[in-house]
Amino acid sequence: MIAFNNNIFHLTGKDFSYQMMIDEKGVLLHSYYGKRIEEEVSPITEQKDRGFSPNALFFDKRTYSYDSLPLELSTLGMGDFRKPAIAVENEDNSITLNLRYHSHEIFNEAKKSELLPGLYGGGGETLVITLKDDAYCIEVKIYYVLFPSYNAFSRYLEIKNLAEGDKTFHSLSSTSLDLSFGKYDLISFTGRHCFERNFNRSKMDALTLNASSSRGTSSHQINPAFIIAERETTEDTGIAFSLHLVYSGSFNFNISKDQYSSYRVILGMGDENMPYILKKGEMITTPQVIHTFSDKGLNNLSNTISDLFKEHLINKNTLSCKAPVLINNWEATYFDFDGTKLINIARKAKKLGVDLFVLDDGWFGKRNDDKSSLGDWFANEEKLGMSLSSLSDRIHKMGMKFGLWIEPEMISRDSKLYREHPDWLMRTPKQEPVKSRDQYILDITNDEAFSYIKNAICNLLDNVKIDYIKWDMNRSLSDIYSPVNRTKRGNTAHNFVLRLYHLLNIVKTNYSNILLEGCSGGGGRFDAGMLYYTPQIWLSDNTDALNRAEIQYNSSYVYPFSAFGAHVSAVPNHQTYRTIPIETRSAIAFLGTYGLELDPEKISDEDGNFLKTEIKRFKSYSNKLKNSHLYRIEKSQYVTCFLTVEKNRKSALLTAILKEREGNPLPIYVKLKGLDPNYTYSVFDKLYKGSTLMNYGLSLPFENKEYPSISYIMKAVKS
Ligand code: GLA
């Protein structure tokens, strides 16, 4: 519910309250964010005459300083020396932004910008507070989108330049949260290509902490999802809240501790998107930041995120709801294939029960390695030995769906496209552009290049029967400059992301039956922005089950496991050269979309039969999995253990992998979570009450072999 009483805005979610106050001079102060309270409150901050904390002239009181107040939207030039959410240079080069309350409106719907991804769907409410700087003619609307039955809201800004000249933004963050007191930990997810989203938890007591991506994408290196947890918070108890930037470009996350031990948390578009010029009369909408809250620990927070995202963020269509099991030929063939080889793979996969055949990189232009042809989105019929349509038709005739890999935002120098349009390659006019994986960035901010790529995608989708697209992006953005538009770097970087979203939106809307899977060298663009369009994202290029278990465990803190692209690949593994038993590879792929990334012609009959049974088991349980919560049971040197529990608690999938074994090993005991204490579950052919499994625990019966695992569906036999 959103209420407004005594100049205080009060957002009430399931278990939390968020409050702001308009003070007597019209400044919007942050009053409270935490466990639900019923009363309206003003900021707890003591107002004192504090040395070197200046007083805004309009508020002629030595006890009133922006420098020591919790501000709902921090700016420059008003005597607050902390990092601002918005830094703007006015048309006369001054930097002061004096925003005061003007008006507000409350709507009974979730409001969302057409241009950007964000929360949608029924049951939402929106508060829009309009602030204005009348002298410098800027209007800022802060949007708060609340889903009252969840512990969640999102926030974003709409900024209009009403002045005669240009406004130059140096910082444009969507959220600025001033926490007046408390002891917190910051949880972030850092990594690298093939090892994304490592879990980091550290005390939040550094003076400033900056965690940003300047890669033009959300990146493998640091994910734009963060958790702030009270110091004592555990998986199962305590207060924690998350912030997800719903954006796939560069971002900026900053925490600073001020002189009075308050924290300011800022999240928004990154420095790479600056300076951003807003011309006279123009408006910019900043990406949403989704805030979720838990007073029952981190696991509860993760399940809130998962429920919210599945219901109000992630695009759903008939195919995504069916959770098709796919086979992708990448690790099976790399670039070395022809149509016959692909058909043989598909035929064998069909026998295993696979629903969808995905043709990965190498089908277009004259691409036989990663050095050429990006941009030439027409099939290499000579290589395939047939047209793409006839390949697709033959796959469909086998009773399978057909999917295709594309990488629309890229261009190779060795391509017909580049030879015809060298100025469609993003680069600065006087330096050679930086190459990465031998490829360059297509300047989709240029209208002509954009319509070329749009038409190329639509032509493919109009002329070939395609049920699924793997949308890849295999490098970071550098040389962010449009040789044709010559706009400021920030406008180019942001417009690039907007154009990407526009393309994705065309596919999502006009080809609504197609299932989109996101990818960027695996998990380089695993973010809430992409999830709005692509209900699944290839989690990592690392398909080693041991590493994957780790990546999936960590990613589950901030993303729903149902979105994790996860495949069973061949052994020895292509990234770690490790040989892990097929049961374990399959058990880990089960906690994701389940697919195959191997040549089924090359596996033993025994493995083939096993996969056939597993695919059947996955299909019969996938609807329940989609409707389950995930509980992280344990991650230690020895074991990684997960439990997914159906929301009605009638069944649960216990997954565990033994990573390291010593002679005379320690027994592995775990306590399960999330079960109904009163239900009786069958586990390894014995019956236990939920309360027993959650308190007394369970010993995990691993087989005597290397890297064994458990993937066991526990059923409630008595409720
Ligand atoms: C990226 C993807 C892989 C594969 C290759 C193809 O690295 O993550 O799965 O599609 O590109 O070039």
Side-chain angles (χ1 to χ4, degrees), residues 191-197 215 217-221 223 248 326-337 341-342 345 356-377 379-380 383 402-412 414-415 435-442 460 466 468-477 515-527 530 534 536-545 547-548 551-552 555 563-570 573-576 585 589 592-599:
R192 56 189 186 272
H193 178 226
C194 282
F195 213 74
E196 297 88 342
R197 286 173 294 288
R215 293 172 174 270
T217 62
S218 48
S219 89
H220 301 85
Q221 285 72 15
N223 196 273
S248 310
L326 67 82
I327 184 158
N328 180 303
N329 73 306
W330 179 241
E331 288 196 9
T333 65
Y334 295 103
F335 292 102
D336 180 19
F337 58 81
K341 199 169 185 179
L342 298 174
I345 292 178
L356 164 66
F357 172 81
V358 179
L359 170 52
D360 210 280
D361 196 354
W363 58 268
F364 52 92
K366 56 176 185 62
R367 189 155 162 103
N368 290 314
D369 56 30
D370 59 15
K371 293 185 172 29
S372 81
S373 304
L374 292 169
D376 296 346
W377 299 110
N380 184 343
K383 175 173 179 175
F402 179 69
L404 197 65
W405 177 98
I406 51 173
E407 196 179 353
E409 301 143 77
M410 292 293 141
I411 181 166
S412 303
D414 181 5
S415 66
K435 70 174 176 184
S436 180
R437 207 196 186 204
D438 271 302
Q439 64 192 60
Y440 300 85
I441 297 133
L442 179 69
L460 264 177
I466 293 173
Y468 158 109
I469 284 180
K470 179 173 169 188
W471 189 296
D472 212 339
M473 208 279 197
N474 278 316
R475 63 163 291 176
S476 304
L477 265 60
L515 169 59
L516 281 164
E517 175 152 353
C519 180
S520 174
R525 207 158 56 178
F526 203 110
D527 58 60
M530 285 306 286
T534 65
Q536 55 196 62
I537 301 181
W538 184 224
L539 194 68
S540 177
D541 269 350
N542 185 341
T543 59
D544 172 276
N547 285 182
R548 265 303 180 116
I551 300 171
Q552 287 175 214
S555 301
F564 299 171
H567 300 169
V568 178
S569 62
N573 179 267
H574 295 193
Q575 293 79 40
T576 61
R585 285 178 273 149
T593 55
Y594 204 97
L596 304 183
E597 185 96 13
L598 45 72
D599 187 344

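Not measured: the values here are computed from a predicted model. When a ligand or atom number is given, it counts from 1 through the structure's own listing order. Keep in mind that the numbers below use all heavy atoms, side chains included, and drop hydrogens, waters and symmetry copies.
Take N329 and apply the side chain to side chain donor-acceptor pair (under 3.5 Å) test, not counting sequence neighbours, and it matches T333.
Checking S218 against D527 by side-chain atom types alone, a donor-acceptor pair falls below 3.5 Å. Side-chain atoms of S555 and R197 form a donor-acceptor pair, as typed in the model, at a separation below 3.5 Å. N474 and D472 form a side-chain donor-acceptor contact under 3.5 Å, judged by distance and modelled atom types alone.
Both the sub-6.0 Å distance and the 45° axial angle are satisfied by K383 relative to the ring of F337. At least one test fails for R367 against the ring of W377: distance under 6.0 Å to the centre or angle within 45° of the axis.
When heavy-atom distances to ligand 1 are checked against 4.0 Å, the residues falling inside are W330, D360, D361, W405, R437, K470, D472, N474, C519, G521, G522, W538, D541, ordered by chain and number.
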